[in-house]
J.: 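This is the structure I have questions about; it appears just below.
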Protein chains: 2
Amino acid sequence: MLMHLNFNSGQPAYLQVVDQIKTAAASGSLQAGEILPGIRPLAEQLRINRNTVAKAYAELESQGIIETQPGKGCFLIKNHSPFTREVRRKILREEIDALLVKAHHLQVEKEELLNLVNERLAAFGKKTGSHGTPASNPA
Amino acid sequence: MLMHLNFNSGQPAYLQVVDQIKTAAASGSLQAGEILPGIRPLAEQLRINRNTVAKAYAELESQGIIETQPGKGCFLIKNHSPFTREVRRKILREEIDALLVKAHHLQVEKEELLNLVNERLAAFGKKTGSHGTPASNPA
DNA sequence: TTTACTGTCTTATGACAATATGACAGTTAA
DNA sequence: TTAACTGTCATATTGTCATAAGACAGTAAA
């Protein structure tokens, strides 16, 4: 569970923690049932306030991604989505639409977009176990 | 150029304007070279302050999507991305990675995701000319 | 020039976001 | 019980965001 923060990114520290944990879970480098780093140790390592980490964990818990066992710690949950299949598909459709708008404004055509999606899917499948993005992003 | 705002969405008014114009451009219902609604008329129609619309237009201009001709109005630009092809691909890869993380947490598998992407691509191709999402999103 | 339309800038204000400190409560093991 | 660890809550501070009002500047046509 390597993590590091970019304080110049403009993105709040607690959201960077949220994203990195979600990405680790999605790429398989963090397994269901596994315990997360303690709030205080992680805060010390990242050199941020413990409540900033606590806020990240609270956000993950509110999203149903982790659970906390009082006095013990926080753990990654297995199948956490509380939504029905159709609701989950609807949410994802909206995300996809947003992606298509971005692709259009980046002048990336349909074929190329599909290639990129397949490329990234393959990268995810590899589970590099690294921090951040699952496989490094060719510049 | 139909638009309407949802004041309960939590999303700022000016960003809703930005998104709707970008979506209109991406779906073809707003054509390159076309003039946008004036700041004051649009603000009146949406019942928001003119500066809120101005902020949306400023954001679109900073993204290189529209240009303003002083005294005349704002116009949609054709090929606006100032980035090289590889930079554009890199940006999109990061967006795609974010989508894949979301899909994972929504427990939507690879095959199903690809189906959804194709479904939305087809919907975009149809250019409904409507506001908001290009083709209505089956609930 | 005048009028009426474009967008722009400056400044203000209210709300909220991000972070920080201190006191607190549950769990485990010595 | 005590000590050391877990996470939590209440609260305060700081800064930024979203929105708004007024004055301003460029353009076009009468």
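Quick note on labels: first sequence line is chain A, next is B, and so on, each numbered from 1. From a predicted model like this one, the values you see are computed outputs, not experimental measurements.
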J.: Answer whether the closest heavy-atom distance between the side chains of Tyr14(A) and Asn49(A) falls below 4.5 Å.
T.: no
J.: Step by step, would you call Glu112(B) with Arg89(A) a salt bridge (charged side-chain N to carboxylate O under 4.0 Å, His left out)?
T.: CA-CA 9 Å; Glu112(B) 192 174 1; Arg89(A) 286 166 57 91; 2.7 Å; yes
J.: Donor-acceptor check, side chain of Glu67(A) to backbone of Gly64(A), threshold 3.5 angstrom: yes or no?
T.: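 Not at all, since once roles are kept as given, no pair shorter than 3.5 Å links the two residues.
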J.: Assuming nearest nucleotide by heavy-atom distance, tell me which of Leu15(A) and Glu61(B) is located more 5' along DNA chain C.
T.: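 Nearest-nucleotide comparison on DNA chain C picks Glu61(B).
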J.: Could you check if a side-chain atom of Leu60(B) sits within less than 4.5 angstrom of a side-chain atom of Ile21(B), using non-hydrogen atoms only?
T.: yes
J.: Starting at the 5' end of DNA chain D and moving along, which residue's nearest nucleotide shows up first, Gln69(B) or Gly38(A)?
T.: Gly38(A)
J.: Quick check on dA18(D): is either OP1 or OP2 less than 4.0 Å from any side-chain nitrogen or oxygen of Lys55(B)?
T.: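 So the side chain of Lys55(B) is within the cut-off, an N or O lying under 4.0 Å from OP1 or OP2 of dA18(D).
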J.: Answer yes if the side chains of Gln16(A) and Gln20(A) hold a donor-acceptor pair under 3.5 Å, and no otherwise.
T.: no
J.: Reading DNA chain C 5' to 3', which nucleotide is the first, and which the last, to come under 4.0 Å of any heavy atom in chain B?
T.: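 For DNA chain C, the relevant span reads dT6(C) to dT10(C).
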J.: Assess, by modelled atom type and distance only, whether the side chains of Asn6(A) and Gln11(A) contain a donor and an acceptor separated by less than 3.5 Å.
T.: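 Short answer, no.
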J.: Starting from the first five and the last five pairs of the helix from dT1(C)-dA30(D) to dA30(C)-dT1(D), work out the angle between the resulting helix axes, to 10 degrees.
T.: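 Comparing the axis at each end, I get an angle of 10°.
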J.: What is the separation between atom CD1 on Ile48(B) and atom C1' on dA21(D), rounded to the nearest whole Å?
T.: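 About 15 Å, once rounded to whole Å.
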J.: Check the pair Glu86(A), Arg93(A) against salt bridge (charged side-chain N to carboxylate O under 4.0 Å, His left out), reporting the backbone distance first and the verdict last.
T.: CA-CA 10 Å; Glu86(A) 261 322 303; Arg93(A) 266 191 281 258; 3.4 Å; yes
J.: Counting distance alone, no hydrogens or angles: does the base of dG7(D) have a donor or acceptor under 3.5 Å from a partner atom on the side chain of Arg50(A)?
T.: no
J.: Stepwise, does the side-chain contact (heavy atoms from CB on, under 4.5 Å) test hold for Asn51(B) with Ile39(B)?
T.: CA-CA 8 Å; Asn51(B) 264 12; Ile39(B) 282 181; over 6 Å; no
J.: Return the value, rounded to whole Å, for the distance between atom CG of Asn49(A) and atom P of dA12(D).
T.: 17 Å
